[in-house]
Every structure is written in structure tokens, then in C-alpha cells.
2 protein chains.
Amino acid sequence: MEKNVTDLLREKGFKVTPQRLAIYKILTMTKTHPSAEMIFSQLQPSYPTMSLATVYKTVDILREIGMIQVLNAGEDSFRYDADTSDHPHVRCMECGRVDDLHDIDFSDFVDGVAKRTSYRLTGQQFYFYGICPDCQKRSAN
Amino acid sequence: MEKNVTDLLREKGFKVTPQRLAIYKILTMTKTHPSAEMIFSQLQPSYPTMSLATVYKTVDILREIGMIQVLNAGEDSFRYDADTSDHPHVRCMECGRVDDLHDIDFSDFVDGVAKRTSYRLTGQQFYFYGICPDCQKRSAN
DNA sequence: TATAATTAGATAATGATTATCAAAATAGAA
DNA sequence: TTCTATTTTGATAATCATTATCTAATTATA
Ligand SMILES: [Mn+2]
Ligand SMILES: [Mn+2]
Ligand SMILES: [Zn+2]
Ligand SMILES: [Zn+2]
């Protein structure tokens with residue numbers, strides 16, 4: 001996994017740095033879809049000199065070389081996901097967490113759109129909104 | 001149509017002002033899903049003293065009373081849509097325009113998600129990305 | 001018309017993201 | 001391993017969208 005990033009960075013003409021590997025590793029090890037700020041905070045203990053600008057520059061490169069995808073779930077900041085497979089997301093309107101929706105078949109939906117639009121389609125993002133299990137329990141006191 | 005907003009504003013305890021009506025009217029008369037800045041620019045000729053802050057405050061109220069919906073198609077700003085029906089959108093990655101995708105059935109997709117998630121779902125947004133017909137022609141020279 | 005409550009507009013503040021730039025790190029050659 | 005050209009980092013300033021603040025103007029109602 002980590003070897004992949006190293007190779008791909010070099011292949012695309014980017015240098016391999018500890019910061020870049022650390023940021024990518026954070027993303028591979030979480031399912032929380034962190035924002036730049038969250039990544040920055042998580043790296044503070046082990047990389048106290050890390051700059052927030054470096055996080056932004058790195059996620060941009062990782063997206064450019066196809067190692068991560070960028071999410072925009074209607075918040076004021078972007079989130080990053082090392083799982084580049086095409087999967088829908090759901091955001092809790094109460095606590096703000098963003099979860100994956102796996103094993104959902106949406107090929108009919110996508111095919112239907114492709115058939116009816118005159119756009120040449122290149123991708124899509126599906127966002128669901130609701131209340132997560134934890135917040136449901138909490139509000140039920 | 002316009003009567004609706006007037007009534008609904010009063011009903012919800014908001015005052016009816018020319019600015020609010022003008023902003024809502026702009027949104028009902030376009031299919032371009034304008035941002036706050038675009039709305040502001042379009043109103044400049046007829047409302048030269050309009051403040052951008054008023055546009056932001058108004059779209060927030062219009063959303064609150066359910067007269068418009070807010071879109072987040074992966075850009076750095078929000079877009080607003082007076083068509084509150086549940087419909088997917090497609091954004092051109094070249095010129096940035098955002099179009100509607102109508103007459104698409106996605107109930108199976110939504111049902112499938114509802115069945116598989118433990119979230120209590122309240123809504124969703126579907127965004128497609130691609131190249132619009134105009135940009136396809138243009139790049140074909 | 002008079003009045004209380006709300007709103008508009010001007011503008012400052014905020015927060016996320018991007019730009020700048022000198023010092024440090026990387027990669028490849030010697 | 002050492003040297004060196006190139007890239008990157010971290011600090012910080014700048015930018016851009018959005019929100020907050022405040023007072024004069026407007027609205028709704030009596
Ligand atoms: Mn995901
Ligand atoms: Mn629309
Ligand atoms: Zn929650
Ligand atoms: Zn286009």
C-alpha cells in the first residue's frame with residue numbers, strides 16, 4: 001500500500017517526503033473522511049512541525065495522482081478519502097460524521113442518467129443526509 | 001408563485017421586502033443555479049444599492065422556509081435552486097455550468113440505501129460530472 | 001399616523017484555502 | 001559518499017466566500 005504511493009509519486013515526478021507518506025497513511029488508516037484540519041491535528045503529536053499548508057498541498061497532489069478522492073458533503077470544508085472506489089456517502093446532520101455506503105448497486109441509476117443527458121459523463125458523487133445511529137440513541141435519551 | 005413566498009414569509013414571521021422578493025424571483029426565472037455572487041450581479045442594474053450580505057441572509061431564509069434548496073457541486077461556493085424537487089445535477093468540468101437532470105428514476109437506489117444503512121435518512125444530493133455539449137463542440141474545434 | 005420590531009446596507013470579522021519565499025530536504029550524478 | 005540542481009517544507013501573508021455587527025431605514029400593525 002505505502003509502496004504504491006512512493007512509486008507513484010516518483011513516477012509522476014513528485015518527491016517522496018515523510019510528510020507526504022504520513023498524510024497518506026493517515027488517510028488509509030481511517031474511515032472518518034477527515035478534513036485538512038483534522039489530518040493536521042492527528043499529525044501534530046508525531047510531526048509537531050507539520051504545516052497546515054503542507055497538508056493542503058499534499059492532498060492536492062494525492063488527488064492529482066489518483067490516490068485519494070475529495071468529498072464535498074455540503075459542509076464548509078472538503079474531506080479526503082483514500083478509498084477511491086466509487087461509493088456513496090452519508091452525513092449525520094447532527095454530529096457531522098461522514099460514513100461510507102458500501103455494497104450498493106447504482107449502475108442502473110448511472111446508466112439511466114448517461115442515456116438521458118447530452119453531457120459526456122466522467123464521474124459522480126452521491127451524498128445522503130440523515131441521523132446516525134449514535135445520534136438517534138442520544139436523542140432518544 | 002410569487003404570492004407563495006409573500007404568504008410563506010409572513011406566515012413564518014419574516015417580513016416581506018422588495019429585496020427578498022427580487023432574490024426569489026431571480027431564482028425562479030433561471031435554470032443556472034446561481035451562486036450568491038451571481039444573484040448579486042444580476043440584481044445590480046435594478047437594485048444598485050443591494051448588499052451582498054442581504055443576498056446571503058435572504059437565501060438562508062428562503063432555504064429555512066423551504067422555498068429553495070442549496071447545492072454544493074464540489075465548487076468553492078454554494079449554489080441556489082428554486083426548484084425544490086428532488087433531482088440530480090450535472091456540472092461541466094470545463095465551463096462550470098450546472099444543469100438539471102430531470103425524469104430520472106432513482107427510487108430503487110434510494111430504497112436500497114435506506115434498507116442497508118442504520119442512518120435515519122432525511123434527504124440526498126446526486127452530482128454528476130462531465131463535459132457539457134457546448135464544451136464538447138468547442139474542444140472538437 | 002405612531003410605534004415596536006425587523007431588515008438593509010455598510011463594513012468588519014472569520015475561516016478555509018492558496019500564494020509567496022527562504023531554508024531544508026530529496027534524488028541523481030559524480 | 002559527496003555534490004548539486006530541483007523540489008518541498010514551514011512560516012506567514014493574501015485571498016475568497018461567508019458570517020457577524022451595528023445603525024438608519026423599512027415593515028406591519030394598531
Ligand atoms: Mn468513503
Ligand atoms: Mn436544479
Ligand atoms: Zn451523528
Ligand atoms: Zn461546459
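Every chain is numbered from 1, with letters handed out A, B, ... down the list of sequences. From a predicted model like this one, the values you see are computed outputs, not experimental measurements.
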Polar atom pairs (N or O), protein with nucleotides 15-19 of chain D, under 3.5 Å:
residue : atom : partner : partner atom : Å
D:dT18  : OP1  : B:Phe78 : N            : 2.9
D:dT18  : OP2  : B:Tyr56 : OH           : 2.4
D:dT18  : O5'  : B:Tyr56 : OH           : 3.4

Students should find that the end-to-end axis angle of the helix from C:dT1-D:dA30 to C:dA30-D:dT1, with five pairs defining each axis and rounding to 10 degrees, is 30°
Between [N] atom [atom2] and [X] atom [atom1], what is the distance in whole Å?
| X | N | atom1 | atom2 | answer |
| --- | --- | --- | --- | --- |
| B:Lys15 | D:dA24 | NZ | P | 17 Å |
| A:Arg20 | D:dG10 | CZ | P | 11 Å |
| B:Tyr47 | D:dT26 | OH | P | 13 Å |
| A:Gln19 | D:dT8 | CD | P | 11 Å |
| B:Phe14 | D:dA28 | CZ | P | 13 Å |

Once you apply a heavy-atom cut-off of 4.0 Å, does A:Thr54 come out as touching a base, just sugar-phosphate, or nothing? base
Give B:Pro18 one of three labels, base, sugar-phosphate or nothing, depending on what nucleic acid heavy atoms sit under 4.0 Å from its own. sugar-phosphate
Between A:Asp134 and A:Arg97, is the closest basic N to carboxylate O distance under 4.0 Å? yes
Electrostatic pair B:Asp60:B:Arg63 at N-O distance under 4.0 angstrom: yes
For the side chain of A:Lys57 and the base of D:dT9, is some donor closer than 3.5 Å to an acceptor across the two? no
Tracing side-chain links under 4.5 Å among I, L, V, M, F, W and Y, which residues wind up in one group with A:Phe126? A:Val90, A:Leu101, A:Ile104, A:Phe106, A:Phe109, A:Val110, A:Val113, A:Tyr119, A:Leu121, A:Phe128, B:Val90, B:Leu101, B:Ile104, B:Phe106, B:Phe109, B:Val110, B:Val113, B:Tyr119, B:Leu121, B:Phe126, B:Phe128
Excluding B:Met29, membership of its hydrophobic cluster (Ile, Leu, Val, Met, Phe, Trp, Tyr; side-chain heavy atoms within less than 4.5 Å) reads none
A:Gln19 side chain reached by A:Val55 side chain, heavy atoms, under 4.5 Å: no
Shortest non-hydrogen contact between A:Val70 and A:Gln125, atoms and distance: O-NE2, 3.8 Å
Hey, any chance B:Val98 and B:Ile26 share a hydrophobic cluster, counting ILVMFWY side chains that come within less than 4.5 Å of each other, even indirectly? no
Please check if any side-chain donor atom of [X] sits under 3.5 Å from a side-chain acceptor atom of [Y], or the reverse.
| X | Y | result |
| --- | --- | --- |
| B:Asp99 | B:His89 | no |
| B:Asp83 | B:Gln69 | no |
| B:His87 | B:Asp103 | no |

When you match B:Val16 and A:Pro48 each to their closest nucleotide on DNA chain D, which lands nearer the 5' end? A:Pro48
Does B:Tyr56 have any side chain to side chain contact (heavy atoms under 4.5 Å, CB included) partners at least two apart in sequence or in another chain, and if so, which? B:Ala36, B:Leu52, B:Tyr80
Please list, in 5' to 3' order, the outermost nucleotides of DNA chain C lying under 4.0 Å from any heavy atom of chain B. C:dA5 to C:dT11
